[in-house]
Structures are given as C-alpha cells and as structure tokens.
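To start, the structure under review is shown below, and the notes come after it.
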Number of protein chains: 2
Amino acid sequence: MEHGKILMPGFINADSKVAMSIFRGYFEDVRQNDWVNNYELPAEKNYTEDDTYFASLLSFAEMIKSGTTCFCDSYFNEEATVKAASEFGIRGFVSNVIYRLNEFNEDKLLNLNNEVNKNELLNNYISLNYPEDYTLEELKVVSALAKKYNCLLKINYLETKNNIKVISDKYGKTVTDYLKLGGFFDGKSLLSNVVWVDEYDAIELRSHNTTVISNPISNYKFGTGAPDLKFVKDLGINIALGTGGLGNAGNLDMFEVMRSIGYSQRMLYKRADVLSAKEICEMATINSAKALGIDKYVGTIENGKKADLILIDINKPHLVPLHNVYSTLVYSCSGSDVDTTIVNGKIIMEERELVDINEKEVMKRAINTAKRVF
Amino acid sequence: MEHGKILMPGFINADSKVAMSIFRGYFEDVRQNDWVNNYELPAEKNYTEDDTYFASLLSFAEMIKSGTTCFCDSYFNEEATVKAASEFGIRGFVSNVIYRLNEFNEDKLLNLNNEVNKNELLNNYISLNYPEDYTLEELKVVSALAKKYNCLLKINYLETKNNIKVISDKYGKTVTDYLKLGGFFDGKSLLSNVVWVDEYDAIELRSHNTTVISNPISNYKFGTGAPDLKFVKDLGINIALGTGGLGNAGNLDMFEVMRSIGYSQRMLYKRADVLSAKEICEMATINSAKALGIDKYVGTIENGKKADLILIDINKPHLVPLHNVYSTLVYSCSGSDVDTTIVNGKIIMEERELVDINEKEVMKRAINTAKRVF
C-alpha cells in the first residue's frame, strides 16, 4: 500500500477516428441514423486537409495526456493525420477508409504509404466501412490487395442488427460467411465496433487468426449494445479495445473504455466475477498490440521491447488506498491521472505538460476549425 | 464555443458511505454475497471511531475535489463522520443505519442529533438496510419515529432479485406493499440502490412523494442490473443520483455516475434519444436536492439560494470544442476537471488545492487506517 506512481505499458487504442475530435458533443441525444445522415455526413463534406490536420492534433493531445501511446485510425485525408502524428511522435496505424471501391485505386494506397514510410512509428493499412457496402467481388479485390501488401485489413463487424439483416436479405448469408467468401479472413484481419457476435460467428472467427475490437463507449452512447466478450474470450479469440470516433464517444480516455467493459460484462452475466480487472488491462495493452501485429515491440514492459510507457500519479484522494493495482487502474483512474507518457523511449508528456507541443495553440486551432466546419 | 470555465451547481451525492473509502479495490472480481460476508463484514468488525473519522476525511477530499458539495450518508459511527464533515465544511446528511431494531433506541438518534446540531450544514436522518431485515411491526416503529422528528427515512429498495424473493416467500407481498403497510411512505421517504422497479411498483411510488435514488457504478460493479429510469421519470417520479460506498464503486466521481446513467438507459432502449444530458445533470443536482428537501436552498444557481457551486476548467484537449455544455459535462468531463468548489459561499477548493485541509496528511492517515483495519 505504499504510494508512488504506477508504471504500465501505454494504451493502444485499436480503433479511432482522430480527425473527428471537433465533433465532440455536436448534437447530443439523437439516434444513430439521424446522426450519421443529418449531422456527420454534411459536416464531413466541409472537411479540408487542414481541418483533418488540426482536428488530429487535438486528438493526439488528448491521447498522449490520457496515456495512449499507439492508435489505429480509419477516416479520410489521413495524409494530414500522418503529419499531425509525426509532430507528436505517437505510434500508430493510419488508413483512408475505402467507402466505395469505385472511388479507390491502388495508387491512393501507395500515396499514403509514401507519407507513412517517412516515419518509423507509423504504418499504413486497409480499412473498410460495413460489409454491405461491398459486393463479394469487391471484397475479394480488397482482400487480395491486403495480402499483396501484407497489411492489416479492418471492417466494422456486427455493429447493428441492421448490418446483419441487410446481408441476410441481399445475399442469404450471415455476415461472417459473407466476409469469409470475400477472402476477408485470408490475411491479417481486424473486426471493429463488434456488438452482435453469436456462437456461430465466434466459432468461425476462432478458426481464423482475427481480433475482435470492442468500442464500448461509442456503442453505449448510441445504445447499439454490448458484446458478450467473456464468451468470445473463453473461446480463445483475441480481444482489443478502442474508443471509436468522437462523433459518438465523448472522450478518448482508455481508462473509461476499460471500466465500461468491466461494467457491461458484469451486467450481462449479473455477477461480479466475469472478466478480471487484470484481463481488461491486457485487452487495452498487449491484446491490442497483438491485434496490430506489434506485440514483439510494445504492449508489455519487457527487456528488449520499445519503451512505450506511462506513469500514473496515485498520490490523489480518489486513488487511495492501493489494495489492488488492476482494480485501481480499471475502476478508479481517469486519463487525467497520467503523469508521464513515453513513446519509443522519448518523453512526450512530463508532469502533464506536453514537451514539444504548444497545447494551447492546438486547442485554439481546433476551436477555429470547428467554427469553420460547423 | 468560447473557452473559459463552466459554472454549475455542486453535485449532490444522494447515497454514500464515506467511511468505506479505505475499501477501495479491496478484493476485486468477487460476487456480492461473497464480498459482503467474507470481506466487508469482517473488516467492519475492526472499525473504530478513529477509523471512521480518517476514512471519512479521505472521501470528503475526493468529493470536494470532484465537485460534490453535499452528501447523504448511511453507515455506522457517524458521529465521527460529522466531525470530519465539519472540518471540511461540506453540506450533508448523516445517519447511523439501523441494522437491527433491537440494537437501536431513540437515544442513539438524539445523540447523533446533538452532534449534527452544532453545524448548520449538517442534518440527521433515519436509514434502514433492506426491507427483509425488519418485521412489519418494526417498520411501523421506525416510520413513526421518522414522522415524529420530521426527518428523512431511507431504505435500500429492490436492489437484487433476492430482496424481492425473500419478502414474497416470507410475507406473500411485494416489497412495495410491505413497505407501504409498514408506514414507510407516510413521511419523507427515500429509496436507494433501486434496480428492479417494475410498473406495479412505480405506479405505487408515484402516489407517494418519494424519490428513487440510482447508484449506477455500484450496481454495475456488482452486476446487479440497471433500472429503467426513463419509465420512472416519465411517470413523474423524482430521480436522484448517488455513488454508493467505495466497497463496490471505484470512485466517488459524480461525472462518472451521470455518464453511466446515460449509457445504461441508451442500452436498455437501444437508442440514443432516451434521457437527455440536461436531464441527467438535473438528477445529479436539483433532483437530489429535492430528494433531501433542500431544493429551496441549493441545487440550482438562483438569486437567494446558498452558493454551493463548482467551476470546471474546460481549457483541456479532452474538453475542446464546446458544442453542447450538457454533453461535455455528462460524456467528456471527469472529477479532475473541477477547478473550484464552493460550499455555502465558502471556497473549499481553489485551482485544485484544498484551502484549509492538508490533503497529503488526509491521504497518509487513510493509508495508515487501511493498514490497521485490513
């Protein structure tokens, strides 16, 4: 029960949309369809590369200040996100979502690759929106492309019941079988925003080396539902955690993500001994590293690994006493308790001050960007 | 979208157990029955008045630092809680829970009254544990006592399905009817830890002037369940919010309580337009004030009311931009964002520093207390 600081691996946010930071709290209390069609899409039409850049800087400030050392992003104009990430020195994966395959070509992928290759901490990957947005032939093209470049391939999977219905009505298949036929699982695959996974799906997923990413605060905010992660985990499937975008989530705090997972699993099972606090901490660190294929380098504190580390100041009334370090991390801490953030051996934040970044300027520009866009 | 500070009424935590602070994280991931019988009760046997005092000081430090200006407590040795509350200058209600009526007498109530009467910010009230702990005759005695002293009467209500089953098996009645027959609703009543309220109960509650208190983080941590608060609210029943004790909850952060309510109602209804962020803020402030009968004095910012106020510093990356102040409060803030806390016109915390209290000493003593008890 001595009180100092907790040293732990930095959080790995396995599913973000950093350029959505300026949407925070923009139209509250409306349903998901209404939100997407009447608020999100019209605002995104106004987005320039500069907007993406300034909005990304704001998210990286929030991430670093709440202990996230690696992100995995999927949005658009990600070349500007690369620029912002490079200024911060955060580790990450970027991807321009292929919303429609007819607007995409291999050059676009290579173009982002060129930017990413200038920074050893960044990687490019391929991300898709929802399975029903692509024909089987299109899925096969994208899956082959991911295999060709040996890169990650991500899609939003079983987020809403409507996603399931559309594929069933149109193709007479489960979403899982549809993706499988499209070759989605042939390479390194990731499934994000997962909610409605059932036994049939989960047993199929187990046979591929895929990862289920849960974005609880985004799902709960829209009321989409909570996946049965205990069941998924018991089958031996890797589970990683993310925040989703700030269109729906209210912050990028991975402590809150962990806490929400703990609450939701206990509520599903109506008991308190479902997923342990330690298991939840692993999901937000080493499991997310495994999902991204970087667990050899980060995700735990081990000899020979890169130093992606955070220090948490527990000399605070809400973190006293310290009976159980994992319980304190999952159920008592918040992002503001992170004191120091180190990425790849470099101190990015010390005693809550960003070392090389003018935080006030980042906020000011983001506010101006929000004024311009909305 | 200008950025300064948000001024709002201080939070009113309508159900706390401040002397349980030293239990924070003590045995994680065990079921509720196991926890109560094998961890909570044995530790409480060791509790002295000094322990209660030092543990209460820690909770008040956490409350003030996260923007709570009024609490409503029910535990034991509350004379020591009065002493701690008086040192902090926090507003509150205290009560020694009547666990067994044969161990209680009117003098005990008057004894705590004597302490409370020395401090204009404090009140005494009567609290009970679970309905099944008392015979109908005992309930009548206590209800009459509450009426005699015109004080609040509180009980844990429909927290678990077992609470319902025991009353049904033993008396062939619903919990609501059992309490009604015991005269519980005849005076100023409060129902805490409410989870399993159904239509029959709710319509009955509406006919009395009672308040449903929800303790979401405590309920979710044990996996007990989430009440349908939209339904309760739509019937016109007052809903207040609390944290419960730190045996189960991981912190006393009312922002987290608000957020958890938002998530749970959206998850119950599978849609995002259920309870608005503004309505949730009201539950944590003015509705809690109504529950305690102090809404004439606090709970809103109004001419002639007492100044129980907090300032929230929104010049932080995770609180930029500010599209919707209620959304930011409910879904983005945490207790650490509170900059200044004022109770009854007196500044208790300024720029995150407690004005009259040595915070380090409070933490040190609480750690020593935890070492002694466990």
Side-chain angles (χ1 to χ4, degrees), chain A residues 1 3 22 24-32 35 58 61-62 65-66 217 220-226 250-253 259-260 262-263 266-267 269-274 276-277 315 317-318 320-324 326-328 330-332 334-337 359 362-363 366-367 370-371 374, chain B residues 1 3 22 24-32 35 58 61-62 65-66 217 220-226 250-253 259-260 262-263 266-267 269-274 276-277 315 317-318 320-324 326-328 330-332 334-337 359 362-363 366-367 370-371 374:
Chain A
M1 279 197 277
H3 257 64
I22 59 169
R24 191 197 313 276
Y26 175 62
F27 275 82
E28 196 53 52
D29 308 316
V30 297
R31 295 200 198 188
Q32 186 163 12
W35 190 89
L58 180 66
E62 181 179 356
K65 295 201 84 176
S66 57
I217 54 179
Y220 304 170
K221 192 93 186 293
F222 275 142
T224 41
N251 60 53
L252 302 176
D253 187 337
R259 186 142 65 229
S260 302
Y263 292 153
R266 288 159 182 240
M267 293 288 272
Y269 282 84
K270 298 276 176 284
R271 38 186 264 216
D273 54 347
V274 185
S276 72
N315 277 295
H318 69 283
V320 166
L322 183 70
H323 287 294
N324 175 329
Y326 294 108
S327 173
T328 293
V330 174
Y331 296 108
S332 304
S334 80
S336 305
D337 300 317
E359 184 180 323
V362 167
M363 291 193 285
I367 290 169
K371 280 181 186 161
F374 296 104
Chain B
M1 279 198 278
H3 257 65
I22 60 168
R24 190 197 314 275
Y26 176 63
F27 275 82
E28 197 52 52
D29 309 316
V30 297
R31 296 200 197 189
Q32 187 164 12
W35 190 88
L58 180 66
E62 181 178 357
K65 294 203 84 176
S66 56
I217 54 177
Y220 305 170
K221 190 91 188 293
F222 275 142
T224 42
N251 60 53
L252 302 175
D253 186 338
R259 185 143 63 230
S260 302
Y263 291 154
R266 288 159 181 240
M267 292 287 273
Y269 282 84
K270 299 275 177 284
R271 39 186 264 218
D273 55 347
V274 185
S276 72
N315 278 295
H318 70 284
V320 166
L322 183 69
H323 287 294
N324 175 329
Y326 294 108
S327 173
T328 293
V330 175
Y331 295 108
S332 304
S334 81
S336 304
D337 300 317
E359 185 180 321
V362 167
M363 291 192 285
I367 290 169
K371 280 181 186 163
F374 297 104

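Each chain gets a letter, A, B and so on, in the order the sequences are listed, and its residues count up from 1.
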Exercise for the section: Among B:Gly225, B:Gly335, B:Ser260, single out the residue with the greatest number of heavy-atom pairs under 4.5 Å to chain A. Expected result: B:Gly225
Handout entry: Proximity breakdown for A:Val30 and chain B, heavy-atom pairs closer than 4.5 Å
Key = backbone
Problem - Interchain contact, B:Asp337 with chain A, by part (heavy-atom threshold 4.5 Å) - result: side chain
Exercise for the section: Determine the option with the most heavy-atom pairs under 4.5 angstrom with chain B, choosing from A:Glu359, A:Lys221, A:Glu62, A:Lys270. Expected result: A:Lys221
Handout entry: Rounded distance [0.5 Å steps], OG in B:Ser332 versus CG in A:Asp253
Key = 10.5 Å
Problem - Proximal component of A:Tyr269, with respect to chain B [non-hydrogen, under 4.5 Å] - result: neither
Exercise for the section: Between chain A and each of B:Thr328, B:Asn324, B:Val274, count heavy-atom pairs under 4.5 Å; write down the option with the most. Expected result: B:Asn324
Exercise for the section: Measure the acute angle between the ring planes of B:Phe374 and A:His323, then classify it against the limits of 30° and 60° as parallel, tilted or perpendicular. Expected result: perpendicular
Problem - Under 4.5 Å from a heavy atom of chain A, the part of B:Leu252 involved - result: neither
Exercise for the section: Heavy-atom distances under 4.5 Å only: say whether B:Phe222 touches chain A with side chain, backbone, both or neither. Expected result: both
Problem - Minimum heavy-atom distance between B:Tyr331 and A:Asn251, given as atom pair plus value - result: O-ND2, 3.3 Å
Handout entry: Atom group of A:Thr224 that falls short of 4.5 Å from chain B, counting heavy atoms
Key = backbone
